[in-house]
Amino acid sequence: MMKRVLGNGLIVTMNQNREVFYGSVLIKDEVIERVIKHDPFENLKDLKNGIGEFDELIDCTGQLILPGLIQTHTHLTQTLFKGLGDDLQLMDWLQTKIWPSEAAHTAETNYISSKVGIGELLKGGTTTIVNMESVNHTESSFEALKEMGIRAISGKCMMDYNEGVPKGLIESLEVSLSESERLLKKWHQTHNGLIEYALAPRFVVSCSDELLKASVKMSRTYGVRLHTHASENKGEIAIVRRRTGMENIDYLKRIGFLGKHVILAHCIHLNDLEVQHLIDSETVIAHCPSSNMKLASGFAPVHAMLQRGAKVTLGADGSPCNNELNIFMEMRMAALIHKGNQLDSTIMNAKSVFEMATIKAAEALGKESEIGSVVEGKHADLITLRIDKLESMMVPLNAENVYAQIVYNASSRDVCHTLVNGALLVTHGQLVNVSEADLYLDAKKAIINFIKDPK
């Protein structure tokens, strides 16, 4: 049994009452055992008088203690492609850069790409991800997830329909389904519950009707989530309309590909009826503002969807369409771009945006009893954030202004400690169990596979 204390920080609980107070968090093995409210101690030796015996004390003086942050759309397989597909529209970006690069992956390079991405996420305060891999070598990414210790819902990308897709990524319907089922049976709810499987057909453009419908059936059979892209780009929607005669979300509804177990990335170009379909079905929307801007895909009507009761969460997407797997940037962008786009500074307030990255994301994933807030009995997925550096100095904080300081002022580089399931994975801004120097060298060698302009 291990007892660890995060001591003497300002705790942003995200509990039911959204309490913010100075105190300490006692972690017993994997679980938050106690959340103790107290005045800041000048001498941390006094902590034992109020808490009792413990094995390790992490001094959080001058830091915020926050729930671990949640991203509902990432592509770890693309981490090594950062900078290889800049300044392109979505379909050109996919067809000329990303798909050929994914096809060039080996098991080793995909493993390294995943480790680099996970390392960046953990150092930046993200403790839970919903991830889509590539078509090939998904096993190596799961090995990286297991080794690095992040909480993840992940799955192999499924693609069986040739719409500009390279041969190296096209698979038959039978192979796509059988490999997905094999991985699901091997990895779902493993590694002490940290790893779950999600079926991940890429999007309607690159999947046959048969594959999409079979994915829905398999999801119901095994009780796992579905994760795909939808309505990200007008060119994508035009392809779907030509092929199906329907709008994207209407088509997904017709084949049963909506519901509280479904995560749809982007959802930018929607009509009112499509939005209502998402709301009625309780489908989870992953809003990726930086990616949407960089690929010039547009502005998702997030504020309007939230007002109508949609489940909207946040994700960074992949490194080549974002250049950072940085949830702090996504929070800031989600707040700012919609204010500017709607000419209304009161919408998308900082507190609601921070909720989208914590407790609301946990609720959307059906994990509100496990993660998303600093509450006794939940998994110890926690981060601490420095507020004592010159560049991150914050005004005296209280329950009213702390969210604005996090969303508008804080940076991923302010993350000091990251814990997942009680395991300390980042301390003082550095990965605990991985040599960052060695990982950097491995990544540098692996990138050689992708630096040539794909033909």
Discussion item. Could you walk me through whether His137 and Tyr111 satisfy the side chain to side chain contact (heavy atoms under 4.5 Å, CB included) test, starting with their C-alpha distance in whole Å, then the side-chain angles of each, then the deciding distance to 0.1 Å, before giving a yes or no?
Written reply: CA-CA 8 Å; His137 312 301; Tyr111 169 74; over 6 Å; no
Are side-chain heavy atoms of [X] and [Y] found at a separation under 4.5 Å?
{"X": "Arg225", "Y": "Ile263", "value": "yes"}
{"X": "Leu306", "Y": "Val302", "value": "yes"}
{"X": "Arg332", "Y": "Tyr408", "value": "yes"}
{"X": "Asn292", "Y": "Phe299", "value": "no"}
{"X": "Ser113", "Y": "His105", "value": "yes"}
{"X": "Met148", "Y": "Val434", "value": "yes"}
{"X": "Glu196", "Y": "Lys367", "value": "yes"}

So that I can tick it off, tell me whether [Y] and [X] are bridged by a salt bridge, with the cut-off set at under 4.0 angstrom between side-chain N and carboxylate O.
{"X": "Asp55", "Y": "Arg4", "result": "no"}
{"X": "Lys115", "Y": "Glu436", "result": "no"}
{"X": "Glu355", "Y": "Lys360", "result": "no"}
{"X": "Glu171", "Y": "Lys156", "result": "yes"}
{"X": "Glu33", "Y": "Lys3", "result": "yes"}

Are [X] and [Y] close enough that a side-chain donor and a side-chain acceptor fall under 3.5 Å?
{"X": "Asn110", "Y": "Glu108", "result": "no"}
{"X": "Ser141", "Y": "Thr138", "result": "no"}
{"X": "Asp160", "Y": "Ser176", "result": "no"}
{"X": "Ser297", "Y": "His266", "result": "no"}
{"X": "Asn322", "Y": "Glu330", "result": "yes"}

Worksheet item: Taking the inter-plane angle between the rings of Tyr197 and Phe142 on a 0 to 90° scale, is it parallel (under 30°), tilted (30 to 60°) or perpendicular (over 60°)?
Response: parallel
Can a donor-acceptor pair be found, under 3.5 Å and without considering hydrogens, that links the side chain of [X] to the backbone of [Y]?
{"X": "Ser281", "Y": "His277", "answer": "yes"}
{"X": "Lys378", "Y": "Gly372", "answer": "no"}
{"X": "Glu274", "Y": "Ile249", "answer": "yes"}
{"X": "Asn192", "Y": "Leu194", "answer": "no"}
{"X": "Ser180", "Y": "Leu177", "answer": "no"}
{"X": "Thr384", "Y": "Cys60", "answer": "no"}

Fill in: Residues in side-chain contact (heavy atoms from CB on, under 4.5 Å) contact with Lys186, at least two apart in sequence or another chain
Glu139, Arg182
Worksheet item: Taking the six-membered ring for Trp, is the centroid-to-centroid distance between His229 and His73 below 6.0 Å?
Response: yes
Discussion item. Counting only heavy atoms not in Lys253 (residues, nucleotides, ligands), do more than 12 fall under 6.0 Å from its NZ?
Written reply: no
